[in-house]
Student: 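One structure coming up, written as structure tokens, with questions to follow.
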Amino acid sequence: SPVSVQDIYRRVLEDLMPLAEARRIDIGVEGNQDARVWVREVDMIAMIRNLVDNAIRYTPEGGRVDLSVGLAPNHAVLCVRDTGPGIPAAERERVFDAFYRTPGSGQMGSGLGLSIVKTIADRTGAEIRLDFSDQETQTGLSVTVFIPMETAGRIETGRTDAARPR
């Protein structure tokens, strides 16, 4: 059955709130729009948890992390935005490689978070876009995940021959 994105956000934020509070990061969900997606709950939790965990770790103390969900034609649009350093355009393809870590980031971790996110996205027919959350200053990271409503439903029921819209 489809899962509520807002419910997933709530569960992930409950888990990660202590980490955000320790770093004095203002974290929350913008708006109350919801979408129900045909993606396994465990996959949604893993994907959102990795995105939010990264956002908290890379955002300097006192920064912000905002989650939102919207609807586009045939897609749920999930977004996690932060006020961290962002990822330079030249690095954006590589960050999805297993064990890859942005040079000079100084962050602890295995470098598997975005690789896991990409694996789940590929399996569910979702598309991930990375951008700066502040275009003017070229800082912050905005991760947008487009989850196809129909394709995800077909994949969930075991059919993988569904066309992936691009």
Side-chain angles (χ1 to χ4, degrees), residues 3-31 33-35 37 39-70 75-148 152:
V3 296
S4 157
V5 174
Q6 286 283 356
D7 286 351
I8 300 296
Y9 281 175
R10 242 187 317 279
R11 289 173 61 181
V12 168
L13 288 179
E14 281 174 14
D15 286 349
L16 295 178
M17 197 57 80
L19 181 62
E21 286 174 349
R23 298 180 49 94
R24 295 192 345 265
I25 290 174
D26 177 13
I27 188 168
V29 179
E30 295 180 327
Q33 171 73 57
D34 197 6
V37 294
V39 177
R40 290 184 342 188
E41 187 177 58
V42 65
D43 285 343
M44 282 296 294
I45 289 171
M47 183 163 53
I48 299 306
R49 184 185 174 86
N50 275 293
L51 291 175
V52 173
D53 185 72
N54 273 2
I56 292 169
R57 289 180 191 281
Y58 285 91
T59 297
E61 277 202 27
R64 285 181 69 94
V65 174
D66 293 310
L67 287 70
S68 62
V69 59
H75 288 80
V77 183
L78 288 57
C79 191
V80 178
R81 299 167 56 92
D82 67 51
T83 56
I87 298 174
E91 301 282 321
R92 289 186 186 153
E93 282 303 308
R94 301 227 26 224
V95 297
F96 294 112
D97 296 345
F99 306 111
Y100 183 77
R101 313 242 331 269
T102 307
S105 69
Q107 285 302 312
M108 297 297 291
S110 63
L112 285 173
L114 287 178
S115 173
I116 292 167
V117 169
K118 179 86 167 89
T119 299
I120 294 168
D122 288 348
R123 188 168 59 227
T124 59
E127 181 186 340
I128 304 171
R129 290 191 199 151
L130 304 180
D131 211 341
F132 290 116
S133 55
D134 186 331
Q135 288 295 335
E136 206 173 298
T137 61
Q138 302 274 286
T139 59
L141 182 63
S142 174
V143 182
T144 307
V145 182
F146 297 85
I147 301 177

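If you're wondering where the values come from, they're calculated on a predicted model, not measured in any experiment.
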Student: Keeping Thr124 on the side-chain end and Ala121 on the backbone end, is there a donor-acceptor pair under 3.5 Å?
Tutor: yes
Student: Between Arg11 and Asp7, is the closest basic N to carboxylate O distance under 4.0 Å?
Tutor: no
Student: Is the NZ or CZ atom of Arg92 positioned over Phe132's six-membered ring, under 6.0 angstrom from the centre and within 45° of the axis?
Tutor: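 Verdict for Phe132: a cation-pi partner in Arg92.
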Student: Compare every heavy atom of Pro18 with every heavy atom of Glu14, then report the nearest pair and how far apart it is.
Tutor: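 Closest approach of Glu14 to Pro18: O-CD, 3.9 Å.
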Student: Please check if the number of heavy atoms outside Glu61 that lie under 6.0 Å from its CD is greater than 12.
Tutor: yes
Student: Rounded at 0.5 Å granularity, tell me how far OH in Tyr58 sits from CD1 in Ile25.
Tutor: 13.0 Å
Student: Are Glu21 and Arg24 side-chain neighbours, meaning at least one heavy-atom pair lies under 4.5 Å?
Tutor: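 No, every pair of side-chain atoms sits at 4.5 Å or beyond.
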Student: Identify the two heavy atoms, one from Ala126 and one from Pro148, that lie closest to each other, and give their separation to 0.1 Å.
Tutor: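 The answer is CA-CD, 3.8 Å.
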Student: From Leu13 CG over to Arg49 CZ, what is the distance, rounded to the nearest 0.5 angstrom?
Tutor: 10.5 Å
Student: With distance as the sole criterion, is a donor-acceptor pair present between the side chains of Asp122 and Thr119 under 3.5 Å?
Tutor: no
Student: Between CG of Leu16 and CD1 of Ile27, what distance do you get to the nearest 0.5 Å?
Tutor: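 Spacing of CG (Leu16) from CD1 (Ile27) equals 6.5 Å.
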Student: Would you mind checking if Asp26 and Arg64 are paired as a salt bridge, meaning a charged N to carboxylate O distance below 4.0 Å?
Tutor: yes
Student: Establish, from distance only, whether the side-chain atoms of Ser4 and Asp34 form a donor-acceptor pair under 3.5 Å.
Tutor: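 Judged by distance alone, the side chains do pair up.
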Student: Could you check if a side-chain atom of Arg81 sits within less than 4.5 angstrom of a side-chain atom of Asp134, using non-hydrogen atoms only?
Tutor: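 Answer no - side chains too far apart.
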